[in-house]
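First comes the structure, then the notes that go with it.
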Amino acid sequence: MTIARACLGAFLLGLLASPLAATKDLRTKEQRLYDIKLRKAQWEVESRKLEMDNNKSEYDIIQELYDEKIETLESLNKARRAFLHSELKYSEAVFQLDRTRLEFLKDATRVTIREARKYRTLDGRRQVDIVLENASQLDQALSLNPDREESEIRPLLEIQNLKVSLTERLGTIVAEPYEILVPSLPLGEATRLTFRLLHDYEDVVVDLTYLDGSKELLHIVMRRESSQDLPTINSVQFSQEGDLNTRVNFDLILERLAEDEKTFRLALVNLPREITPAFVDPGTNANLTQVKFSEEVTRQQLELELQIPEKLSRGYVDQTIEFYVFVTDAAGFERIGELNRKHRGPIPLEEINTIPGNKERFELIPRGRGALETLIANRYQEVRTGEEVKVRVDLLNTGTLEVERVHLVLTPPLDWTWSSEPDTIDRILPGEKEPVNITLVQPDGIGVSEYDVRVEAAGYEGPERIEAQEKDITIRVEQRARVVRNALIIAAVIALVIGVAVGSIKVSRR
C-alpha cells in the first residue's frame, strides 16, 4: 500500500510539473474546469488500479503460502475480499471516467436555430419554417479527449431522437404537428422543420427534448416573410343575403408578411354596376381604394359595403351573384380594366385567373319582397235602404318586387253581397297602384243601423302569398223617408240663404 501511494504521489507531481503546466494556458475557464474534472477522474482510475494491482499481488502471495500450509484460510479469504473490493472500486473509477468524458461531450453538444421565418401560404395557412443545425463544439471535444481521433469523436457528437415543439411562454403548444421527431442530426448538418401556427404569434418558444430527457427552451422572434409579394385576402362572411334598398357588409382580412413598405390596390370583378361598393376602414369609417403595408403594419381588417338599390334588375333578384375582390398592384389593376372593357359583362373565370394578384370569391343574394297596402279615401258612407254602396279601393305595391294575381277579399255584413271590378289584377309593379271598384248590395228588409265591411287584399310573389293589412269601412243605412225629409230641410235652408242674399243686394243698391 505504501508503494502504491508513493507511485500515485509521483504521478501527480509529474503531471503538475509537466511542460503543459509551465506554458501559458490559453484555454477558456470552462475548458480548464473540464480538464481538472477529467484529470481527477483519470487520477482516480490510476489510484484504483494501483490499489487493485497491489491487492492482487498480496492475494497471490498468500495463496502460495496457503498452498504450502503456511497461511491460514482466514488470511486467504481476507486477502481475496480486499482484492475483489479494490477491483470493484477500479471498475467504478473507470465507469466514472467514461461518464465524465460523455458529460463533457454533452456539454460540447449544441443545437443552433439558424433560421425561423413565418409566412402565409396561398391557401391562407400560417406556417413557420425552423432550421436546426448541429453546431456542437468539435474542437472542445477533441481538446478534452486528446487520446482520441476526430473520426472517433464525430459520431459521439451526433444528436439522436431530438423532439421539437413550438410553445408559448406558458408552455402551451401553439403549432401542429404538436411534436416533430428528428431521428438523427449529425455534426455540422441542418434540418428544416415546418409547423402550422394555430394562432398568429410574433414570437414562440422552441422546445427541444433530448434523448436523455433533458430539455432546452429557446425563445425566438420569427422573421416575417411572404410566399409572394402581394398580400393575402380572406373573409369569414363571404356569402350573404340582403334585401333590396339595404346595405350588406362583408369582412376583409388582408395580411402581408414582409419587412418592406408597399401600397396595393383594391378592386372588384363581376359585381353588377347597379350595386354600389365601398371599401371601409371600420376604425375611421374612411372609404379606401388602396392599402399600405410596412414592417409595423402587416395586417389590416376592412369591410366591403355593398348598397343594393331598390330597383335592382329583376334578373339579379333572388339569384346568387358571384364576384371577386382583388388586392393587386398597378399591373393587375390595369389588367382588370382591360377585361372590363373587353367583355362589358361578367368576365369568365379562366380570364379572371390571369389577373396578377390575390383574390377572394364572394356571393351575394339580393332578396326582394312584395308588399300590398289598401288605400280607401272614404271609409264612412251614408246610404238609404235599398241603395247600392260604391267604394273605390286603390291597391299599392309598397314592396320591391312585383306582385301578381292581386285580388280583394271582403267580409261583408250578414246577407250582403258584393262584387269588384276588376276581379283580379294580373300584376302590380313596385311603387305603383291599381284601382278596384267595389259594389255592395243590401239584403231585403235591412234595418236602419251602421254596418262594418272588412276589406283585405292578397296577391302572390312567386309561390309566396302576400297579404295587405285589413281595413274596415263603416256604412250607415237610413230610412228612405228620413232621407227625403232631410233633403227638403236642406233645400229650404239653401233657399232661405239665397233669399237673404238677394234682399241684401237690393238694399245696398238703394
Side-chain angles (χ1 to χ4, degrees), residues 113-132 164-170 172-177 192-207 218-238 249-269 277-305 324-333 335-336 355-362:
I113 300 177
R114 293 299 183 193
E115 181 182 341
R117 66 186 187 97
K118 180 178 73 169
Y119 60 95
R120 193 163 187 164
T121 61
L122 295 178
D123 59 357
R125 296 160 60 99
R126 293 186 182 89
Q127 294 196 164
V128 176
D129 281 355
I130 295 179
V131 177
L132 299 179
V164 185
S165 300
L166 295 188
T167 67
E168 61 176 356
R169 296 184 180 183
L170 298 179
T172 304
I173 294 177
V174 296
E176 59 180 11
R192 182 181 297 271
L193 308 179
T194 300
F195 295 86
R196 179 191 175 190
L197 281 179
L198 301 178
H199 296 284
D200 190 12
Y201 292 96
E202 294 297 327
D203 57 339
V204 294
V205 176
V206 181
D207 187 331
L218 304 176
H219 182 270
I220 60 171
V221 177
M222 296 172 289
R223 181 164 57 91
R224 296 188 297 269
E225 287 189 2
S226 179
S227 57
Q228 57 179 341
D229 189 51
L230 293 166
T232 58
I233 178 170
N234 287 280
S235 176
V236 177
Q237 306 162 347
F238 64 93
N249 288 72
F250 296 86
D251 70 302
L252 295 176
I253 301 174
L254 307 177
E255 189 169 7
R256 179 175 182 261
L257 300 179
E259 298 180 353
D260 58 337
E261 181 176 301
K262 281 191 177 181
T263 301
F264 302 91
R265 301 291 298 268
L266 298 170
L268 289 159
V269 173
F279 294 101
V280 180
D281 183 344
T284 61
N285 291 326
N287 290 347
L288 306 177
T289 58
Q290 301 184 65
V291 288
K292 179 185 289 186
F293 291 89
S294 62
E295 184 178 359
E296 293 77 21
V297 181
T298 61
R299 177 186 174 95
Q300 296 202 34
Q301 189 161 350
L302 307 177
E303 288 186 355
L304 171 61
E305 182 180 276
Y324 296 86
V325 176
F326 269 84
V327 55
T328 182
D329 52 17
F333 196 75
R335 175 63 176 162
I336 292 173
I355 301 173
N358 282 328
K359 65 181 182 297
E360 179 78 348
R361 176 180 171 274
F362 290 83

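Numbering of residues begins at 1 and proceeds along the displayed sequence.
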Problem set entry | Shortest non-hydrogen separation from Pro356 to Ala331 and the atoms involved | CG-C, 4.3 Å
Exercise. Going from CG on Leu302 to CD1 on Ile233, what distance comes out if it is rounded to the nearest 0.5 angstrom?
Worked result: 8.5 Å
Exercise. Does the Ser235 side chain pair with the main chain of Leu252, one donor and one acceptor, at a distance under 3.5 Å?
Worked result: no
For this session: Taking salt bridge (Lys or Arg N to Asp or Glu O under 4.0 Å) as the test, write out the residues that go with Arg361, two or more places apart.
Result: Glu322, Glu363
For this session: Hey, could you give me the NE2/OG1 distance between His219 and Thr167, rounded to the nearest 0.5 Å?
Result: 9.0 Å
Exercise. With sequence neighbours left out, what residues match Glu303 under side chain to side chain contact (heavy atoms under 4.5 Å, CB included)?
Worked result: Asn249, Pro282
For this session: Calculate, to the nearest 0.5 Å, the distance between atoms CZ and CE belonging to Arg126 and Met222 respectively.
Result: 10.5 Å
Seminar exercise, completed: Across all chains, not counting sequence neighbours, the side chain to side chain contact (heavy atoms under 4.5 Å, CB included) partners of Ala330 are none
For this session: Can you sort out the partners of Thr289 under side-chain hydrogen bond (donor to acceptor under 3.5 Å, both in side chains), two or more places apart, ordered by chain and number?
Result: none
Exercise. If you round to the nearest 0.5 Å, how far is CD of Gln127 from CG of Leu197?
Worked result: 9.0 Å
Exercise. With sequence neighbours excluded, what pairs up with Arg265 under the salt bridge (Lys or Arg N to Asp or Glu O under 4.0 Å) test?
Worked result: none
Problem set entry | Leu288 side chain reached by Val280 side chain, heavy atoms, under 4.5 Å | no
Problem set entry | Minimal non-hydrogen separation, Phe195 against Ala175, with atom names | CB-CB, 3.8 Å
Exercise. Below 4.5 Å, heavy atoms only, C-beta onward: do Ile113 and Ile220 meet side chain to side chain?
Worked result: yes
Exercise. Listed by chain and number, what are the salt bridge (Lys or Arg N to Asp or Glu O under 4.0 Å) partners of Glu176, not counting sequence neighbours?
Worked result: Arg196
Problem set entry | Derivation and outcome, side chain to side chain contact (heavy atoms under 4.5 Å, CB included), residues Phe264 and Leu254 | CA-CA 11 Å; Phe264 302 91; Leu254 307 177; over 6 Å; no
Problem set entry | Criterion side chain to side chain contact (heavy atoms under 4.5 Å, CB included) on Phe333 and Arg335, from CA distance to verdict | CA-CA 5 Å; Phe333 196 75; Arg335 175 63 176 162; over 6 Å; no
For this session: List for me each residue that meets side chain to side chain contact (heavy atoms under 4.5 Å, CB included) alongside Arg114, sequence neighbours excluded, and say none if there are none.
Result: Thr112, Val131, Glu133, Ala135
Exercise. Any sub-3.5 Å donor-acceptor pair from Lys118's side-chain atoms to Tyr201's backbone N or O?
Worked result: yes
Problem set entry | Student check: side-chain heavy atoms of Ile253 and Arg299 closer than 4.5 Å | yes
Exercise. For Glu360, which residues count as a salt bridge (Lys or Arg N to Asp or Glu O under 4.0 Å) partner, sequence neighbours excluded?
Worked result: none
For this session: For Phe362, enumerate each residue passing the ring pair (Phe, Tyr, Trp, His ring centres under 6.0 Å) test, keeping only those at least two apart in sequence or located in another chain.
Result: Phe250, Phe323
Exercise. Between CG of Asp281 and CD of Gln300, what distance do you get to the nearest 0.5 Å?
Worked result: 7.5 Å
For this session: Drop me the distance from Glu115's CD to Leu132's CG, to the nearest 0.5 angstrom.
Result: 11.0 Å
Problem set entry | Test side-chain contact (heavy atoms from CB on, under 4.5 Å) applied to Phe279 and Val325, Asn287, Val291, the passing residue | Val325
Seminar exercise, completed: Those residues at least two apart in sequence (or on a different chain) that pass side-chain hydrogen bond (donor to acceptor under 3.5 Å, both in side chains) with Gln237 are none
Exercise. Do Thr232 and Asn358 get their side chains close enough for a donor-acceptor pair, meaning under 3.5 Å?
Worked result: no
Problem set entry | Contacts of type side-chain hydrogen bond (donor to acceptor under 3.5 Å, both in side chains), residue Gln290, not counting sequence neighbours | none
For this session: Output, in order, the C-alpha distance, side-chain angles, deciding distance and verdict of side chain to side chain contact (heavy atoms under 4.5 Å, CB included) for Leu268 and Leu304.
Result: CA-CA 10 Å; Leu268 289 159; Leu304 171 61; 4.0 Å; yes
Exercise. What's the verdict on side chain to side chain contact (heavy atoms under 4.5 Å, CB included) for Ile173 and Leu166, showing C-alpha distance, side-chain angles and the deciding distance?
Worked result: CA-CA 6 Å; Ile173 294 177; Leu166 295 188; 6.0 Å; no
Problem set entry | Listed partners of Asp129 passing side chain to side chain contact (heavy atoms under 4.5 Å, CB included), at least two apart | Arg117, Tyr119, Arg192, Thr194
